[in-house]
Every structure is written in C-alpha cells, then in structure tokens.
Peer 1: 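Let me give you the structure first, and then I'll get to my questions.
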Amino acid sequence: MQSELFKYVLFTLCFKTILMNDVCEMNTNRCEPVKYRYVFYDINPPEGFNLRRDVYMRFAIFVHKLKQTNLSNFKLVLPPWIRLYHWNKQESVQIPWSHFFDLNSLKQFAPVIEMYDFFNEINVKYSKIKIDQVYILQHYKEMFDTGKFEDKMQIEKCATKPKTNFYFYNNITSDSIKCLSFHGQASHLKKVLEESNAQTILFDHAEVALHDHFGNDIYWKARRSMRFNKELKKLAADFRQKYLNSSDQADGTMLPEDWQKETGKRAAKGGPYLSVHLRRRDFALGRPNDVPSIHEAASQITKLLQQLSLRIVFIATDSTIQEYTKLEGLLSTYKVYRFLPVEPLTDGAVAVIDQIICSHAQFFVGTHESTFTFRIQEEREIMGFPEHTTFNRLCGNRCEKPSVWKIVY
Ligand code: GFB
C-alpha cells in the first residue's frame with residue numbers, strides 16, 4: 001500500500017504540462033480517434049468517506065447512462081481523496097481511488113478514470129490545468145423554506161464566494177466558474193453537457209444532485225461494482241481467519257470474481273461472531289438521542305451475545321481509546337476484538353478493513369443513520385445474508401426500526 005501511495009505522490013509532484021490531444025481507441029480492427037470529454041466532480045469538504053461513496057454512485061450512474069447517448073465520449077474523473085475531516089492522520093497527499101477500490105470493477109459499470117489517468121490522457125504540458133467550465137451546485141433556498149421541491153436548474157448569483165482552485169491542487173483552476181442552483185436527479189445535468197462544447201466540466205458540491213433512483217437494479221449494479229481493493233480484502237481475511245475463526249468458504253460468503261456474475265442467493269451464514277459499528281465523535285455529539293452511551297452500548301451488545309449464544313464480538317468504532325477501553329472492560333466476560341494494523345495503513349484503509357470484517361459476521365448491529373453502517377449493510381445484502389441479521393441498530397433514548405434496503409438484481 002505504501003509503495004502505491006509513494007508512486008502516486010511522485011506522479012502528482014511530477015506533472016507539469018498539459019496538451020489537449022485526441023485519443024485513439026481500438027474499435028474492431030481500426031484505430032479511430034475519439035475526442036474524449038471529461039466530467040469532474042467534487043464534494044463539500046466536511047463530508048465523510050461513505051457519504052462520498054454515495055455521491056460517487058450518483059455520478060457513476062449519470063455517466064453510465066450517457067453511454068447509450070450521443071454523449072458517450074464522456075469519462076468521469078475520480079476526485080482524489082484528501083484531508084477528510086474524520087481522518088486523524090490527515091493524509092496530506094491526494095490518495096487515488098485504487099487505494100480503496102478495485103478500479104477494474106468500477107470500470108465494468110462506468111467509464112471512470114483516476115485523476116492521474118486524466119493527466120496522462122491529456123498529455124500534460126503546461127504548469128496549470130484550467131478546467132473549461134466549473135459549475136458550483138447550490139440548493140434553491142426557497143425550496144427549503146417553503147417545503148415545495150420541484151426539478152429545476154438555473155445559473156444564479158453564488159450563495160457563497162466560490163473557490164478558485166480545486167482538489168487541493170493549486171494548479172487546477174478555471175477561468176469560468178458559475179453557480180448553478182439545482183434541484184433534481186444527477187442525470188438531469190446531461191442538459192448542461194449538451195449545451196456546452198467544453199472538454200472538461202467540473203460539478204462542485206456534487207452532493208446537491210440527487211440519486212436518479214434509489215435502490216433499483218442500476219443503483220445496485222453501481223454499488224456492486226464498488227469492490228474493495230484486493231490487498232485490503234486480504235488483510236481483513238487474514239484477521240478474520242486468525243482471530244474470528246471466519247473464512248469465506250466456511251461462512252458461505254464466496255462471490256464470483258466478476259460482480260456482473262453475481263446472482264441473488266440468500267445463503268450467507270457469516271463468521272461465528274457479532275459485529276458492531278459504534279459511531280462516536282461528531283455523530284454521538286450531534287445525535288445524543290440516537291447514539292447510546294458506552295454503558296448502554298455495552299449492555300445492548302451483551303444482550304445480543306446472549307441471545308445469539310456467541311462469545312466473540314468485533315467492534316468497529318471511531319471512538320477515543322478511553323471509550324474503547326471502557327467498553328472492552330464492560331464486555332470482559334467475552335472475547336472482544338478490534339482491528340489494529342500491524343503495518344502502517346492510512347485511516348481510510350483501516351476504516352475499509354473494519355467495514356469488511358463487520359460485513360462478514362453472523363450478525364451485525366450498527367449506528368442509526370450512519371452511512372458507514374449503511375455501506376456495511378449493503379455489503380451484507382450483496383453477500384446474501386438473511387435480512388434480520390443485517391438491519392439492526394444500537395438504540396439511544398429512542399429507537400425506531402432501521403430502514404431495510406433490500407438488494408435488487
Ligand atoms: O464514513 P462517514 O461518511 O460516515 O464518516 P457517517 C465517518 C468517518 O469516521 C469514516 C470514521 O469514514 C471513518 O473515517 N469512522 C467512523 C470510522 N466509524 C468508524 C469505524 O468504525 N472504524 C473506523 N476505522 N473509522 C457522517 C459524515 O458520518 O457524519 C458527515 O459523512 C457528518 O460528514 C456526519 O460528519 C455527522 O455517515 O457515520
């Protein structure tokens with residue numbers, strides 16, 4: 001993982017030049033020049049990793065749909081991961097998507113490329129990259145005031161002063177930045193592409209655009225294509241084997257190498273442990289009625305272990321060490337595990353490994369409305385766990401039942 005990051009840092013330091021070139025694509029036995037165009041997107045800086053994954057899906061579905069239109073020459077440029085609010089180590093280099101995900105799997109769904117692939121494709125020759133057209137998406141304030149939502153978009157005065165460089169690269173700028181008030185599905189942005197000749201178009205605050213359809217077969221195809229990086233999967237598998245007596249073969253969680261060959265079987269058994277996602281920090285502070293105290297969490301976990309006749313619990317949490325130690329003490333009659341990397345890993349990589357381990361347990365309980373929990377639940381739907389083992393939450397003072405998002409093929 002380290003050498004991959006190192007290569008990436010070297011690359012980003014080295015790019016100096018830009019030249020717009022047509023690209024050749026082998027179609028049948030001829031080489032036809034294709035003038036590619038590029039959609040970029042970026043997200044409100046404080047948003048976390050798993051909300052960003054959701055926004056990725058909205059844009060992956062958008063460009064996936066373009067494949068069947070006269071705009072099929074658009075590629076989606078993946079925004080590098082940098083300085084996320086929840087990453088304590090505050091990784092200060094741009095991390096490529098392949099650090100977390102299997103790029104080939106993503107590409108089976110949508111024409112996506114890493115930022116450094118973009119630099120390669122356009123054969124960088126100048127010290128600055130100017131994005132041809134930047135649209136900063138913003139909500140219609142009056143829709144929130146009146147509660148009346150209708151699909152529309154129009155260029156308006158910017159609600160806040162727009163930034164002038166993008167992705168924390170100071171040499172990615174634009175001479176044309178407009179604010180686009182927007183309400184609607186991400187694929188309605190097609191109109192913007194149709195009305196423009198720009199080769200590079202960036203949608204900032206992409207989280208403003210909504211899902212085309214939430215939970216249909218296309219949503220799940222996009223989701224299933226988000227297979228994790230194989231090295232992270234291996235680290236998680238080694239941990240499961242070593243401490244949790246869990247392996248894909250024994251647990252019934254084998255999936256075909258290619259996500260497109262998956263079929264909807266509900267036969268997963270999972271490893272003989274309870275997994276818990278206990279979201280703390282800003283989430284616990286902001287939602288005291290939905291997130292339990294450490295004492296409360298321990299008593300709910302104990303009850304579940306008793307009901308399930310299990311002795312092993314895996315805890316994924318962003319808590320402080322003090323909180324984790326307290327929880328471990330309260331559960332001292334059980335075997336309590338958490339993933340602590342033996343080799344240096346980024347915070348994001350540890351979080352992915354936590355998610356993988358949680359998703360393979362016989363029974364999972366998560367945190368209400370955390371997207372970290374949602375992504376674990378989706379992984380379990382993909383592997384085919386019985387519903388009742390997946391859609392469970394730790395309770396705060398109140399405890400509505402969690403929504404059930406069943407997979408669709
Ligand atoms: O993933 P995420 O969008 O989930 O953001 P929420 C939470 C981040 O906190 C994760 C870390 O991406 C991780 O970096 N984190 C949380 C964890 N739980 C764990 C865990 O169990 N293990 C590890 N290793 N790391 C939303 C945010 O978070 O919470 C919003 O997206 C906002 O921006 C809101 O902050 C309050 O949906 O839980």
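We number each residue from 1, following the sequence as shown.
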Peer 1: Could you go through the side chain to side chain donor-acceptor pair (under 3.5 Å) check for N397 and N289 one step at a time?
Peer 2: CA-CA 5 Å; N397 304 332; N289 289 324; 2.8 Å; yes
Peer 1: Any side-chain to backbone donor/acceptor pair from D54 onto N50? Under 3.5 Å, distance only.
Peer 2: no
Peer 1: Determine whether L394 and E296 make a side-chain contact, defined as any pair of heavy atoms from C-beta on separated by less than 4.5 Å.
Peer 2: no
Peer 1: Strictly below 4.0 Å, N to O, side chains only: are K75 and D117 in salt-bridge contact?
Peer 2: no
Peer 1: Should R266 and E381 count as an ion pair when the cut-off is N to O under 4.0 Å?
Peer 2: yes
Peer 1: Could I get the full list of side chain to side chain donor-acceptor pair (under 3.5 Å) partners for K303, not counting sequence neighbours?
Peer 2: none
Peer 1: To the nearest 0.5 Å, what is the distance between NE2 (H64) and CD (Q108)?
Peer 2: 12.5 Å
Peer 1: Using side chain to side chain donor-acceptor pair (under 3.5 Å) as the criterion, list what pairs up with Y140, not counting sequence neighbours.
Peer 2: Q154
Peer 1: Please tabulate, for the side chains in residues 182-189, all donor-acceptor contacts under 3.5 angstrom to protein atoms that are two or more places apart in sequence or on a different chain.
Peer 2:
from : atom 1 : to   : atom 2 : distance (Å)
Q185 : NE2    : D212 : O      : 3.1
S187 : OG     : D212 : OD1    : 3.2
S187 : OG     : D212 : OD2    : 2.6

Peer 1: Would you please indicate yes or no on a ring centroid separation below 6.0 angstrom for F100 and F228?
Peer 2: no
Peer 1: Just jot down the side chain to side chain donor-acceptor pair (under 3.5 Å) partners of K234, sequence neighbours excluded, or say none.
Peer 2: D238
Peer 1: For the residue pair F149 and F144, does the interplanar ring angle fall in the parallel (under 30°), tilted (30 to 60°) or perpendicular (over 60°) class?
Peer 2: perpendicular
Peer 1: Report the residues that fulfil ring-ring contact (aromatic ring centres under 6.0 Å, His included) with Y273, sequence neighbours left out, ordered by chain and then residue number.
Peer 2: none
Peer 1: I'd like to know if the side chain of Q138 and the backbone of A159 have a donor-acceptor N/O pair within less than 3.5 Å.
Peer 2: yes
Peer 1: Can a donor-acceptor pair be found, under 3.5 Å and without considering hydrogens, that links the side chain of W259 to the backbone of S105?
Peer 2: yes
Peer 1: For K107, give me all partners under salt bridge (Lys or Arg N to Asp or Glu O under 4.0 Å), at least two apart in sequence or on another chain.
Peer 2: none
Peer 1: Below 4.5 Å, heavy atoms only, C-beta onward: do Y85 and P45 meet side chain to side chain?
Peer 2: no
Peer 1: Do the charged groups of R227 and E262 touch, with an N to O distance under 4.0 Å?
Peer 2: yes
Peer 1: Check the surroundings of atom CD in Q307: do more than 12 heavy atoms from other residues, nucleotides or ligands lie under 6.0 Å from it?
Peer 2: yes
Peer 1: Using modelled atom types only, decide if a donor and an acceptor are shared between the side chain of S98 and the backbone of L103 within a distance under 3.5 Å.
Peer 2: no
Peer 1: Look only at the side chain of W97 and the backbone of P79, and say whether a donor-acceptor pair between them is shorter than 3.5 Å.
Peer 2: yes
Peer 1: I'd like to check the side chain to side chain donor-acceptor pair (under 3.5 Å) partners of S225; sequence neighbours left out, ordered by chain and number.
Peer 2: none
Peer 1: Answer yes if the side chains of S196 and Q133 hold a donor-acceptor pair under 3.5 Å, and no otherwise.
Peer 2: no
Peer 1: Taking only residues two or more places apart in sequence or in another chain, which ones pass side chain to side chain contact (heavy atoms under 4.5 Å, CB included) with T373?
Peer 2: H277, F364, T367, S370, Q377
Peer 1: Report yes if the side chains of Y409 and W220 come closer than 4.5 Å at any heavy-atom pair, otherwise no.
Peer 2: no
Peer 1: Can you classify the ring geometry of F239 versus Y243 as parallel (below 30°), tilted (30 to 60°) or perpendicular (above 60°)?
Peer 2: tilted
Peer 1: State which residues pass side chain to side chain contact (heavy atoms under 4.5 Å, CB included) with I155; sequence neighbours excluded, sorted by chain then number.
Peer 2: Y135, K178, L180
Peer 1: Can you name the residues that form a salt bridge (Lys or Arg N to Asp or Glu O under 4.0 Å) with E328, not counting sequence neighbours?
Peer 2: none
Peer 1: Is the Lys NZ or Arg CZ of R279 less than 6.0 Å from the centre of F372's six-membered ring, within 45° of the axis?
Peer 2: no
Peer 1: Rounded at 0.5 Å granularity, tell me how far CG in N229 sits from CG in D102.
Peer 2: 7.5 Å
Peer 1: Just verifying a value: how many Å separate Q199 CD and Y36 OH, rounded to the nearest 0.5 Å?
Peer 2: 12.0 Å
Peer 1: Would you call F119 and I129 a side-chain contact if the rule is heavy atoms closer than 4.5 Å?
Peer 2: yes
Peer 1: Should the ring pair F49 and W87 be called parallel, tilted or perpendicular, given that the plane angle runs from 0 to 90° and is split at 30 and 60?
Peer 2: tilted
Peer 1: What I want to check is whether the side chains of S319 and R280 have a donor and an acceptor closer together than 3.5 Å.
Peer 2: no
Peer 1: Looking only at the side chains, is there a donor atom on one of T200 and D132 sitting less than 3.5 Å from an acceptor on the other?
Peer 2: yes
Peer 1: Could you tell me whether the side chains of R380 and T389 share a donor-acceptor contact shorter than 3.5 Å?
Peer 2: yes
Peer 1: Measure the shortest side-chain to side-chain distance between E194 and L71 over non-hydrogen atoms and say whether it is less than 4.5 angstrom.
Peer 2: yes
Peer 1: I want to check something: taking the side chain as every heavy atom from C-beta on, are E47 and V55 in contact at a cut-off of under 4.5 Å?
Peer 2: no
Peer 1: Taking only residues at least two apart or on different chains, which pairs with a member in residues 216-270 satisfy disulfide (SG to SG under 2.5 Å)?
Peer 2: none
Peer 1: I need the full list of disulfide (SG to SG under 2.5 Å) pairs touching residues 374-409, with sequence neighbours left out, sorted by first then second residue.
Peer 2: C395-C399
Peer 1: Answer yes or no: is there a side-chain heavy-atom contact under 4.5 Å between H360 and D248?
Peer 2: yes
Peer 1: Just how far is it from atom CG of L327 to atom NE2 of H295, taken to the nearest 0.5 Å?
Peer 2: 10.0 Å
Peer 1: Please answer whether the main-chain N or O of P272 pairs with a side-chain N or O of R311 as donor and acceptor at a distance below 3.5 Å.
Peer 2: no
Peer 1: Does a side-chain heavy-atom distance below 4.5 Å link Q260 with F109?
Peer 2: no
